[in-house]
Amino acid sequence: MKEIAVKKIACDIQSAEQVSQMMDGASVRFNPIDIINWADYPYCPEVKFRIAHTGGSILINYIVSEASVRAVAPADLGRVWEDSCCEFFVRTEEEEEYYNFECNCAGKLLVNYGVKGDRHHAPESVLANIKRWSSLGNEPFEERIGECSWELSLIIPSSSLFRHDIKDLSGITLRGNFYKCGDLLKTPHFLSWSPIDLPKPCFHCPSFFGRLIFEK
């Protein structure tokens, strides 16, 4: 099982645009999202992510280079997985229910909770409290063909795990996976950090999540 020691950063971060700089200062290392689980979708854009926490929030920074980009979803809770999309799925070690945080390259976010086939949207208050920043801005756009590099950062408060009462992430262990997809891009792809052994593309598979150990 893959695992990451999620570094704790002592800071009062106010903007998702600051995440990358904070992680640079704390020497938080990148991890690749480069596993092609399904031979029918061989395209592998260059994708990496890093994760840290402040005790009260999860910080995630993605860097992507791909052959085209798309951000058609007009608002939160839209079909962001059809766009150029980075995803973080997470659950506790004891439960099969899990959260999915899916964000397209314009910062439009989908957050659900439950099990496969029985998912429920996060309340609007939860979405409002998750800070995002994209180097491509926050306005929707149709697919742009041509090599493009972009960056996305998120600040996810512990309260975003809204079916749990986690005040401090320090010292806990969660299970999770990180993905890059683009279902309706010219070249669809479905990459993961932790490998998935299923016959066709499916990210809703908590049994394949890796381990995330949050430092005290």
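All values derive from a computational prediction rather than experimental measurement.
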Do we get Arg119 above Tyr98's six-membered ring, with its NZ or CZ under 6.0 Å from the centre and within 45° of the axis?
yes
According to salt bridge (Lys or Arg N to Asp or Glu O under 4.0 Å), who are the partners of Asp168, at least two apart in sequence or on a separate chain?
none
With side chains defined as the heavy atoms from C-beta onward, is the minimum distance between Cys105 and Leu136 less than 4.5 Å?
yes
Distance from Glu151 atom CD to Ile63 atom CD1, nearest 0.5 Å?
4.5 Å
Spell out, as yes or no, whether a donor-acceptor pair under 3.5 Å connects the side chain of Ser57 to the backbone of Thr54.
no
Flag yes if Val28 and Ile213 sit in one hydrophobic cluster, no otherwise; membership is Ile, Leu, Val, Met, Phe, Trp, Tyr, and two members link when side-chain heavy atoms are under 4.5 Å apart.
no
I'd like to check Pro206 versus Glu97 (side-chain heavy atoms, cut-off strictly below 4.5 Å). Are they in contact?
no
Side-chain donor or acceptor of Asn129 paired with backbone N/O of Ser125 under 3.5 Å:
yes
Between the main-chain N or O of Ala122 and the side-chain N or O of Tyr99, is there a donor-acceptor pair closer than 3.5 Å?
no
Side-chain heavy atoms under 4.5 angstrom apart, residues restricted to Ile, Leu, Val, Met, Phe, Trp, Tyr: same cluster for Phe209 and Tyr62?
no
Indicate yes or no: at least one non-hydrogen side-chain atom of Ile13 is less than 4.5 angstrom from one of Ile155.
yes
Does a side chain donor of either Asn37 or Ser192 reach within less than 3.5 Å of an acceptor in the other side chain?
yes
Can we say Glu3 and Arg211 salt-bridge, meaning some charged N sits less than 4.0 Å from an Asp/Glu carboxylate O?
yes
side-chain contact (heavy atoms from CB on, under 4.5 Å) filter on Gln14, not counting sequence neighbours, yields Asp12, Gln18, Lys131
Any Met23 side-chain heavy atom under 4.5 Å of Lys7 side chain:
no
Ignoring hydrogens and angles, state whether a donor on the side chain of Ser170 or Lys8 is under 3.5 Å from an acceptor on the partner side chain.
yes
Check Asp76 with Lys108, please: is the shortest side-chain N to carboxylate O separation under 4.0 Å?
no
Glu102: partners by salt bridge (Lys or Arg N to Asp or Glu O under 4.0 Å), with sequence neighbours left out
none
Please lay out, stage by stage, how Phe178 and Phe89 fare under the test ring-ring contact (aromatic ring centres under 6.0 Å, His included).
CA-CA 6 Å; Phe178 298 82; Phe89 284 35; 9.8 Å; no
Scan side-chain atoms only and decide if Thr173 and Glu93 contain a donor-acceptor pair under the 3.5 Å cut-off.
no
Would a line drawn from the ring center of Tyr43 to the ring center of His189 be shorter than 6.0 Å?
yes
Show your working on ring-ring contact (aromatic ring centres under 6.0 Å, His included) between His120 and Tyr113 and close with a plain yes or no.
CA-CA 5 Å; His120 304 279; Tyr113 175 78; 8.1 Å; no
Between the side chain of Ser194 and the main-chain N/O of Asn177, is any donor-acceptor distance below 3.5 Å?
no
Please check this pair: side chain of Arg144 against backbone of Glu142, looking for a donor-acceptor N/O pair closer than 3.5 Å.
no
Answer yes or no: is there a side-chain heavy-atom contact under 4.5 Å between Leu110 and Leu127?
no
Any Lys/Arg nitrogen of Asp118 or Lys116 sitting under 4.0 Å from an Asp/Glu carboxylate oxygen of the other?
no
I'd like to know if the side chain of Ser65 reaches the main chain of Glu46, judged simply by a donor and an acceptor atom lying under 3.5 Å from each other, with no hydrogens or angles considered.
no
Taking atom types as modelled, find out whether Glu95 and His164 have a side-chain donor-acceptor pair closer than 3.5 angstrom.
yes
Is the distance between the ring centroids of Phe49 and Phe88 less than 6.0 Å?
no
Student check: side-chain heavy atoms of Lys2 and Ile35 closer than 4.5 Å:
yes
Tell me, do Asp183 and Phe190 make a side-chain contact under 4.5 Å, heavy atoms counted?
yes
Any side-chain heavy-atom pair from Tyr41 and Ile36 closer than 4.5 angstrom?
no
Donor-acceptor under 3.5 Å (Asp83 side chain, Cys85 main chain):
no
Looking just at side-chain N and O atoms, do Ser153 and Asn61 make a donor-acceptor pair shorter than 3.5 Å?
yes
